[in-house]
Structures are given as C-alpha cells and as structure tokens.
Amino acid sequence: MSFGISRGKPIDTTGIEVPVATLPRLPDDLLHNPTLAHIDIKAWFPNPALPLHLEIGSGKGTFLLQEAPQHPDANWLGIEYEREFFSFAADRLRRTALTNIRMLCLDAGEFVHWRVPDNACRAIHLYFPDPWPKSRHHKRRMIQDRFLQDALRVLEPLGELRVATDHADYWAWMREHFDRWSTPADAPTNKPFAEVPFVRPLGAREGEVVGTNFERKYRLEGREFHATTLRKLPTG
Ligand SMILES: C[S@@+](CC[C@H](N)C(=O)[O-])C[C@H]1O[C@@H](n2cnc3c(N)ncnc32)[C@H](O)[C@@H]1O
C-alpha cells in the first residue's frame with residue numbers, strides 16, 4: 001500500500017499493490033533448491049484459475065488500464081520498479097475497481113528469475129523497455145539469454161513473450177537474441193520458441209502498435225516501432 005500526493009490528488013494503491021514486504025522470504029538453500037522460492041502468484045487473484053498475463057515495466061499503467069477490462073477472463077500482473085510510476089499506475093488501476101489486476105514494485109528480471117513458478121504465465125508483455133544505449137550498460141537490458149531462458153520456463157506451452165521497442169540498436173540486439181532462441185513459425189526447428197507476427201492488443205488505437213504512454217508520446221516524433229512475439233513451443 002502506498003499513500004502520497006500526485007498533482008494534488010491523494011494516491012492510494014490499496015487492492016492493486018502486492019506489498020513487497022508481504023512476499024515470503026527467500027529460503028536459505030535458494031541456490032540448491034530454487035523452486036522453494038516460487039510464489040503462488042495466481043492465489044493473489046479472486047479467480048486463480050484464470051490465465052496469468054505479466055507486464056514488465058508498466059510505466060504509467062496504460063496498457064493494463066486498456067487491456068484488463070477487455071479481458072476479464074484473465075489475471076493481469078504489472079511490475080514497475082520506479083516507485084513514482086508504480087504509485088501513479090496502481091492508483092489509476094485501483095479507480096477501475098477491477099479485481100483482476102495486481103501490481104508489484106520491484107525488479108521484474110529478478111522476480112521472474114527467482115519467484116515465478118514454471119508454466120505460470122499465458123503471456124509476458126514487454127513494451128518499450130529501457131534501451132540502455134551505452135555499451136557498458138547493455139548488461140542492464142531486459143532482453144538477455146538469461147531472461148529468455150526464464151521466459152521459457154515460466155510461460156505455459158504456447159505461451160507468448162510479446163515485445164515492442166522504438167530503439168533501433170536495442171531492436172538489433174533483440175533480433176540477435178531472438179534468432180538464437182527461435183525460428184519462424186512454420187520452419188522446422190530444434191529451438192524452443194517460434195517467432196510469430198505481433199497481434200496488436202485491443203486497446204491499440206488506429207495506427208498504434210500497442211498504445212502505451214511511451215508509444216503515444218514518441219509516435220508524435222515519427223519514430224519507427226518494432227514488435228514481435230515469441231511463442232513457446234509445446235516441446236520448448
Ligand atoms: C520506457 S518505459 C516504458 C513504460 C511503458 N511500458 C510504456 O510503454 O509506456 C520503461 C519502464 O520500465 C521500467 N523498468 C525498467 N526496468 C525494469 C525492471 N527491471 N523491473 C521493473 N520495471 C522496470 C522503468 O521504470 C520504466 O517505467
């Protein structure tokens with residue numbers, strides 16, 4: 001829970017925020033038995049049987065705000081590690097009174113690696129992740145081989161990693177990584193993902209790829225956007 005002030009309005013994240021302090025502590029023998037750290041995320045929602053969608057880097061929460069009401073048949077978890085954005089997003093989402101949305105304020109890469117159970121997610125949404133343009137910061141980019149290994153583990157069979165970026169250099173980096181892990185959908189493969197066309201979410205307006213805050217801001221500058229989907233093969 002977080003209370004603060006945003007443009008004179010009180011911020012309240014109650015009901016949306018899963019406070020980090022309430023997460024079970026990491027086990028002592030984490031490295032030998034990592035599954036002990038996994039959390040039953042689905043139990044955070046009134047209907048745990050629904051498929052789980054995870055958004056990494058929710059920013060101001062627009063994607064969740066647009067998608068969750070259109071898909072009451074799914075649970076939505078947004079992760080945003082900047083407290084100011086997190087509080088703004090969680091407060092916006094609280095005002096919808098929807099019960100199928102939760103948010104966490106922590107590092108999504110570490111959370112996915114350590115805390116998300118195998119086969120837990122129907123989809124992971126990663127829209128306009130920070131590009132970290134300097135070479136010495138590339139290790140901070142979300143797309144890494146370790147992350148793709150984690151995505152493979154936590155996605156259900158046929159679950160999808162959906163990605164969009166406006167950053168040409170980060171797109172080239174993503175392509176290098178995706179080509180190691182996937183082949184086009186109809187090609188014979190021994191790789192764990194198939195790359196399939198990105199399907200625009202329902203909340204995207206005419207001409208938009210996803211329709212997040214970031215996209216709407218930078219579309220005005222005429223930036224080029226790239227998007228794709230990696231689908232976990234049943235044998236992946
Ligand atoms: C460029 S913004 C895009 C926000 C939003 N997806 C959009 O399109 O409007 C990237 C967001 O990801 C968040 N972020 C970056 N790395 C993160 C991480 N490891 N865990 C959680 N959030 C992260 C940043 O704080 C920022 O809000």
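Order of listing sets the numbers, starting from 1, for every ligand and every atom in it.
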inquiry  = Would R205 and R216 count as a side chain to side chain contact (heavy atoms under 4.5 Å, CB included) here? Give the steps.
reply    = CA-CA 10 Å; R205 297 177 192 152; R216 286 178 183 153; 3.5 Å; yes
remark   = For Y127, the atoms of ligand 1 under 4.0 Å from one of its heavy atoms are 3 (C), 5 (C), 6 (N), 8 (O)
task = List every atom of ligand 1 that sits less than 4.0 Å from any heavy atom of E82, numbering the atoms from 1 in the order shown and giving each element.
result = 25 (O)
task = Could you check atom 20 (N) of ligand 1 against the protein and tell me its nearest heavy-atom contact, residue, atom and distance included?
result = A108 N, 2.9 Å
note = If you scan protein heavy atoms around atom 8 (O) of ligand 1, the nearest is T212 OG1, 2.6 Å
query = How does L106 reach ligand 1, if at all, at less than 4.0 Å between non-hydrogen atoms: by side chain, backbone, both, or neither?
reply = backbone
query = Going by the angle between their ring planes, with limits at 30° and 60°, are W132 and H137 parallel, tilted or perpendicular?
reply = perpendicular
task = Would you check the N or O atoms of M142, main chain and side chain alike, for any that come under 3.5 Å of an N or O of ligand 1?
result = no
query = Between G57 and ligand 1, is there a nitrogen or oxygen pair with a distance under 3.5 Å?
reply = yes
message = I want to check something: taking the side chain as every heavy atom from C-beta on, are H71 and L202 in contact at a cut-off of under 4.5 Å?
response = yes
inquiry  = Checking a contact table here: which protein heavy atom is nearest atom 15 (C) of ligand 1, and how many Å away?
reply    = D130 OD2, 3.2 Å
message = One pair to check against side chain to side chain contact (heavy atoms under 4.5 Å, CB included): L77 and L52. What are the steps and the verdict?
response = CA-CA 7 Å; L77 174 63; L52 178 67; 4.2 Å; yes
message = Can you confirm, on distance only, whether ligand 1 has an N/O atom lying under 3.5 Å from any N/O atom belonging to F128?
response = no
Plane angle bin for Y218 and F214 - parallel if under 30°, tilted between 30 and 60°, otherwise perpendicular = tilted
request  = For the residue pair H53 and R122, establish whether any side-chain heavy-atom pair is separated by less than 4.5 Å.
outcome  = yes
inquiry  = Checking R141 against D169 for the salt bridge (charged side-chain N to carboxylate O under 4.0 Å, His left out) test, could you report, in this order, the C-alpha distance in whole Å, the side-chain angles of both residues, the deciding distance, and whether it holds?
reply    = CA-CA 12 Å; R141 288 175 165 174; D169 181 60; 2.9 Å; yes
query = Near D107, which atoms of ligand 1 are under 4.0 Å from a heavy atom of that residue?
reply = 19 (N), 20 (N)
query = Are the side chains of T22 and V20 in touch, meaning some heavy atoms are under 4.5 Å apart?
reply = no
ask   = Do the non-hydrogen side-chain atoms of V116 and F111 ever get within less than 4.5 Å of each other?
value = yes
inquiry  = For atom 9 (O) of ligand 1, what is the closest protein heavy atom, and at what distance to 0.1 Å?
reply    = F214 N, 3.0 Å
inquiry  = What protein heavy atom lies closest to atom 22 (N) of ligand 1? Include the residue and the distance to one decimal.
reply    = Y81 N, 3.2 Å
query = To which protein heavy atom is atom 24 (C) of ligand 1 closest, and what is the distance rounded to 0.1 Å?
reply = E80 OE2, 3.5 Å
